[in-house]
Amino acid sequence: MPELPEVETIVRGLRTVLPGHTIVSVRLGKTDFIEDPAALAELLPGRRIERVERLGKFIQLQLSAGSGAKHADGQMNLVIHLGMTGWLGVRRPEDPVAPHTHAFFELEDGRELRYTDIRRFGQIRLVHGGNMAAFSERLGKEPLEISASEFHARLAGRRARIKALLLDQSIFRGIGNIYADESLWQARIHPARLAARLNSADLARLRKAIRRILQHAIEDRGSSISNFVDAEGQPGEYQQRHRAYGREGKPCFRCGSKIRRGSVAGRSSYFCPRCQPAPRRARAMRNAPKPRG
DNA sequence: ATGTAGACTTGTAGAT
DNA sequence: TTACTACAAGTCTACA
């Protein structure tokens, strides 16, 4: 489910219902995706949720320092990554429990914050208040906030394919496969172009495309491919505005050519072969994976 | 520095 | 109908 717009949608939903409430207990199912399961039950009860923030694709629940000896470690953060199929939301205890729900954080008012994740590619971890800045610094810039000069500087001279760099969370935080392809289509840049070979007009178009697409996707509450729903359980709408992603063989909205699919940076990549001309040089584009065996 | 394949895991769609 | 394959919003590691 979750790239920047989907995570932002979840965060906005949680922000209306979580701050001010206190975690009273924790129940866990499968824990292989949790950094330190025992620490959750030990350190979370008694802490109040102060804020809900998004750091790229991570969700940060900022918790109070709590009280008593076991909370002498000060302010704490519950940091959650949704992986491919994660979901986080608040339900009443009597509400049906979705399959693959692996964490329940019970609140003082009886409700519970639930984490559901079919594939368990997600992540749950605790980060001490004092370590949060270092955690955030390992991530790149927010694409909705980055200046033109910084955007250019981060890509200048890089010989990697532009799509690989857009997906690199240490360069920009929050962009994933869908929004990389949508942004490159909007900016008319082939995903396999080398960043170093893009001129400033290309880069300016790309930055604006990313901003515009992410903003629109947030307004539409994300893209519901397969199983994404927001914190209230409602699907997003942005998948109806996709111009490239998932549209192999369908006509380009600009020129009518058939959208193609290839593999770039190890991910399926959708692009218009006419609007997004392939780089001349090398074997920049591999064919889509073929059946093996 | 960069690219690729494979790994983690479960479900679903599609071809046979 | 059943069995099988490819693929999926993400990221990490090993190896070239």
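Being a predicted model, the structure only gives us computed values, none of them experimental. Convention: sequence-line order gives letters A, B, ...; per-chain numbering from 1.
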Distance in angstrom units between [X] [atom1] and [N] [atom2], rounded:
{"X": "Trp87(A)", "N": "dT10(B)", "atom1": "CH2", "atom2": "C1'", "answer": "19 Å"}
{"X": "Glu248(A)", "N": "dA13(B)", "atom1": "CD", "atom2": "P", "answer": "18 Å"}
{"X": "Phe33(A)", "N": "dG10(C)", "atom1": "CZ", "atom2": "C1'", "answer": "15 Å"}
{"X": "Ile118(A)", "N": "dA13(B)", "atom1": "CD1", "atom2": "P", "answer": "12 Å"}
{"X": "Leu155(A)", "N": "dT2(B)", "atom1": "CG", "atom2": "P", "answer": "11 Å"}
{"X": "Gln123(A)", "N": "dT9(B)", "atom1": "CD", "atom2": "C1'", "answer": "15 Å"}
{"X": "Arg159(A)", "N": "dG3(B)", "atom1": "CZ", "atom2": "P", "answer": "10 Å"}
{"X": "Arg197(A)", "N": "dT2(B)", "atom1": "CZ", "atom2": "P", "answer": "15 Å"}

Non-hydrogen side-chain atoms of Tyr179(A) and Leu214(A) separated by less than 4.5 Å = yes
Does [N] have its OP1 or OP2 closer than 4.0 Å to a side-chain nitrogen or oxygen of [X]?
{"X": "Lys30(A)", "N": "dT10(B)", "value": "yes"}
{"X": "Thr85(A)", "N": "dG10(C)", "value": "no"}
{"X": "His100(A)", "N": "dG11(B)", "value": "yes"}

Span that lies between the [atom1] atom of [M] and that of [N], in whole angstrom:
{"N": "dT12(B)", "M": "dT11(C)", "atom1": "C1'", "value": "22 Å"}
{"N": "dA5(B)", "M": "dA6(C)", "atom1": "C1'", "value": "16 Å"}
{"N": "dT10(B)", "M": "dT1(C)", "atom1": "C1'", "value": "23 Å"}

Residues in salt bridge (Lys or Arg N to Asp or Glu O under 4.0 Å) contact with Arg120(A), at least two apart in sequence or another chain = Asp32(A)
Start with the C-alpha distance between Ser268(A) and Arg261(A), add both sets of side-chain angles, then the distance that settles side-chain hydrogen bond (donor to acceptor under 3.5 Å, both in side chains), and finish with yes or no.
-> CA-CA 7 Å; Ser268(A) 269; Arg261(A) 180 167 69 95; 2.9 Å; yes
Qualifying residues under side chain to side chain contact (heavy atoms under 4.5 Å, CB included), relative to [X], sequence neighbours excluded:
{"X": "Ser147(A)", "answer": "Ser149(A), Glu150(A)"}
{"X": "Arg158(A)", "answer": "Leu165(A), Ile171(A), Ala195(A)"}
{"X": "Val79(A)", "answer": "Phe58(A), Asn77(A), Arg125(A), Val127(A), Met132(A), Phe135(A)"}

Starting from Watson-Crick (N1-N3 plus N6-O4 or O6-N4) and G-U wobble pairs under 3.5 Å, report the runs of at least three that DNA chain B belongs to.
-> B:2-8 with C:10-16, B:10-14 with C:4-8
Should Leu55(A) and Leu167(A) be regarded as members of a common hydrophobic cluster, given that ILVMFWY residues are connected when their side-chain heavy atoms come within less than 4.5 Å of each other, either directly or indirectly?
-> no
Using the side-chain heavy atoms of [X], tell me which of these nucleotides is nearest: [options].
{"X": "Ala160(A)", "options": "dT9(B), dG10(C), dG3(B)", "result": "dG3(B)"}
{"X": "Arg261(A)", "options": "dT2(B), dC7(C), dT10(B)", "result": "dC7(C)"}
{"X": "Met84(A)", "options": "dG10(C), dT2(B), dC7(C)", "result": "dG10(C)"}

May I ask you to check whether Phe172(A) and Phe151(A) place their ring centers less than 6.0 Å from one another?
-> yes
Can a donor-acceptor pair under 3.5 Å be found between the side-chain atoms of Arg119(A) and the base atoms of dA8(C)?
-> yes
Using a cut-off of 6.0 Å, state whether more than 12 heavy atoms not belonging to Arg260(A) lie near its atom CZ.
-> no
Can you check nucleotides 11-13 of chain C for protein contacts, nitrogen or oxygen pairs under 3.5 Å, and list what you find?
residue : atom : partner  : partner atom : Å
dT11(C) : OP1  : His81(A) : NE2          : 2.9
dT11(C) : OP2  : Lys57(A) : NZ           : 2.8

Donor-acceptor under 3.5 Å (Ser269(A) side chain, Arg267(A) main chain) = yes
